[in-house]
Amino acid sequence: MVARRKVAVVGVALSDCGRADDATPYALHAQAARRALADAGLDRSLIDGFASAGLGTLAPVEVAEYLGLRPTWVDSTSVGGSTWEVMAAHAADAVAAGHARAVLLVYGSTARADVRAGRRTGTLSFGTRGPMQFEVPYGHTLIAKYAMAARRHMIEYGTTIEQLAEVAVQARANAALNPEAMFRTPITVDEVLSGPMIADPFTKLHCCVRSDGGAAVLLVAEEYVRDCRTSPVWVLGSGESVSHAAMSEWPDFTVSPAAVSGRLAFERAGVRPAEIEVAEIYDAFTYMTLVTLEDLGFCGKGEGGAFVAKGRLRVEGGELPVNTDGGGLSAQHPGMRGLFLLVEAVRQLRGECGERQVRRNDGSPPRLAVASGTGGWFCSSGTVVLGAG
């Protein structure tokens, strides 16, 4: 029996993001992985754990082969956008228990380029088998499911469309500080509201961008931290939860599975939501940010609208900077964005974010961050609490 070890994130990186018309998903995986290893200053021979999802017939076998890895611990959990927070939790447990010494999480997608080249179409449905067969014939698309949940919150708690629009406005304000963000031009609430309707109440700017891109995160056991060129960011606690597949089985459209994953993560980390200094939250739609803030405990249920309306999410002057890179609404969203949340959280804790860097009153970087991913249509959630070394 190996004593449980502390686990640190020591390498993070993005591949080229935004528009990558000439790249393949495999190439973006490899680019992100090489950059993460270089960030950590470690050799790939140390990696004995590997996690990947969304690419290949036998993911992560194909991707590991492409990268020249032969892992003895693997994870291919696929639960949508929250996949990477769930995988990070599994990887941390494996490293802590001695089942692996270094685990690489990697993702890459050419979602935007594929649509433009006619290799695929927009994702309107995830399939017609199982429980979903009872919803798909009625045109209940992915976007429509989120829109219906948002409308329920508006009816139940008086949340306004202007408050939801503020989420997009503040995400864009943060993106304006990020030279790697896909869209950086500031927007107003009126511009969000006047855009083309996608699924009532969501206009175009309530919805995430479609981009290409990849990301990688390297986790290691505490004894390897001294060999790294970066300061460690410790995995303090994590939680995961699933809720439903069919909308008819969702008990309450105003409560996401983050209510469970967040509570577990904070309890296991031994910290309170009020101690968190920066939050990276999955934001395929504006409502996701708002309801996840409620469910993680940053404000009470039904208070999300008032919470976001006061500019709290901004890097500049915000009480709780959220999606500091611009999020999926403005920075990048190449399909499953959960790994990008972890990359940005780690960079913020290491003080590497330049103009968009969050700082404490004394000018130092934050010490505690949370990354919370959502999958499907609020079907799953993974939450990870991270602490600076």
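Because the structure is a prediction, the values reported are computed rather than measured.
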As an exercise, state the distance from [atom1] of [X] to [atom2] of [Y], rounded to the nearest 0.5 Å.
{"X": "Thr110", "Y": "Tyr26", "atom1": "OG1", "atom2": "OH", "answer": "11.0 Å"}
{"X": "Arg367", "Y": "Glu277", "atom1": "CZ", "atom2": "CD", "answer": "8.5 Å"}
{"X": "Thr289", "Y": "Asp283", "atom1": "OG1", "atom2": "CG", "answer": "4.5 Å"}
{"X": "Thr83", "Y": "Asp75", "atom1": "OG1", "atom2": "CG", "answer": "9.0 Å"}
{"X": "Asp39", "Y": "Glu352", "atom1": "CG", "atom2": "CD", "answer": "6.0 Å"}
{"X": "Leu104", "Y": "Leu67", "atom1": "CG", "atom2": "CG", "answer": "7.0 Å"}

Has the side chain of [X] got a donor or acceptor atom that lies under 3.5 Å from a matching backbone atom of [Y]?
{"X": "Ser15", "Y": "Ala32", "answer": "no"}
{"X": "Asp325", "Y": "Glu344", "answer": "no"}
{"X": "Arg337", "Y": "Gln332", "answer": "yes"}
{"X": "Arg263", "Y": "Ala258", "answer": "no"}
{"X": "Arg172", "Y": "Thr185", "answer": "yes"}
{"X": "Ser243", "Y": "Cys379", "answer": "no"}
{"X": "Arg356", "Y": "Leu177", "answer": "no"}
{"X": "Gln163", "Y": "Val308", "answer": "no"}
{"X": "Ser211", "Y": "His333", "answer": "yes"}
{"X": "Glu319", "Y": "Arg312", "answer": "no"}

Item to complete: For the pair Lys301 and Asp295, evaluate salt bridge (charged side-chain N to carboxylate O under 4.0 Å, His left out) and give the outcome as yes or no after the intermediate values.
Response: CA-CA 7 Å; Lys301 179 51 62 181; Asp295 292 336; 2.7 Å; yes

Assigning hydrophobic clusters by single linkage (Ile, Leu, Val, Met, Phe, Trp, Tyr; side-chain heavy-atom cutoff under 4.5 Å), is [X] placed with [Y]?
{"X": "Phe202", "Y": "Leu193", "value": "yes"}
{"X": "Met154", "Y": "Met288", "value": "yes"}
{"X": "Val370", "Y": "Val233", "value": "no"}
{"X": "Met87", "Y": "Ile47", "value": "no"}
{"X": "Ile276", "Y": "Val322", "value": "yes"}

Might you confirm whether atom [atom1] of [X] has over 12 heavy atoms from other residues, nucleotides or ligands at distances under 6.0 Å?
{"X": "Glu162", "atom1": "CD", "answer": "yes"}
{"X": "Asp22", "atom1": "CG", "answer": "no"}
{"X": "Asp362", "atom1": "CG", "answer": "yes"}

Worksheet item: Among all residues two or more places apart in sequence or in another chain, which pass the side-chain hydrogen bond (donor to acceptor under 3.5 Å, both in side chains) test with His153?
Response: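 His153 satisfies side-chain hydrogen bond (donor to acceptor under 3.5 Å, both in side chains) with Thr159, Glu294 only.
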
Provide the closest heavy-atom pair for [X] versus [Y] in the form atom of the first, atom of the second, distance.
{"X": "Gly376", "Y": "Leu142", "answer": "O-CD1, 3.9 Å"}
{"X": "Met182", "Y": "Arg210", "answer": "CE-O, 3.7 Å"}
{"X": "Glu191", "Y": "Ser194", "answer": "O-OG, 3.3 Å"}
{"X": "Thr383", "Y": "Ser261", "answer": "OG1-OG, 2.8 Å"}
{"X": "Val86", "Y": "Ser381", "answer": "CG2-O, 4.3 Å"}
{"X": "Cys17", "Y": "Leu14", "answer": "SG-CB, 4.2 Å"}

Worksheet item: Would you say the side chain of Met247 lies within less than 4.5 Å of the side chain of Met148, judging by non-hydrogen atoms?
Response: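 Of all side-chain heavy-atom pairs linking Met247 with Met148, at least one is under 4.5 Å.
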
Fill in: Test item: Asn323 and Leu329 side chains (from C-beta on) under 4.5 Å apart, heavy atoms
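The answer is no; the side chains never approach within 4.5 Å.
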
Taking the inter-plane angle between the rings of [X] and [Y] on a 0 to 90° scale, is it parallel (under 30°), tilted (30 to 60°) or perpendicular (over 60°)?
{"X": "Phe298", "Y": "Phe266", "answer": "perpendicular"}
{"X": "Tyr107", "Y": "Phe340", "answer": "perpendicular"}
{"X": "Trp250", "Y": "Phe378", "answer": "tilted"}

Item to complete: Apply the side-chain contact (heavy atoms from CB on, under 4.5 Å) test between Trp73 and each candidate in Val103, Asp48, Val95; give the one that qualifies.
Response: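 Result for side-chain contact (heavy atoms from CB on, under 4.5 Å) with Trp73: Val103.
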
Item to complete: Apply the test side chain to side chain donor-acceptor pair (under 3.5 Å) to residues Thr324 and Glu280: give CA-CA distance (whole Å), side-chain angles for both, the deciding distance (0.1 Å), then the verdict.
Response: CA-CA 7 Å; Thr324 48; Glu280 308 299 338; 2.8 Å; yes

Practice prompt. For side-chain contact (heavy atoms from CB on, under 4.5 Å), just list the numbers for Phe307 and Leu313, CA-CA rounded to whole Å, side-chain angles, deciding distance to a tenth of an Å, and then say yes or no.
Written response: CA-CA 9 Å; Phe307 185 88; Leu313 315 186; 4.1 Å; yes

Worksheet item: Should Glu135 and Lys145 be marked as a salt bridge (charged side-chain N to carboxylate O under 4.0 Å, His left out) after you check the CA-CA gap, both sets of side-chain angles, and the distance that decides it?
Response: CA-CA 10 Å; Glu135 297 178 354; Lys145 292 177 180 183; 3.3 Å; yes

Worksheet entry | Ring-face cation contact, Tyr157 with Arg151, 6.0 Å cut, 45° max |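 No, cation not above the ring by the 6.0 Å, 45° rule.
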
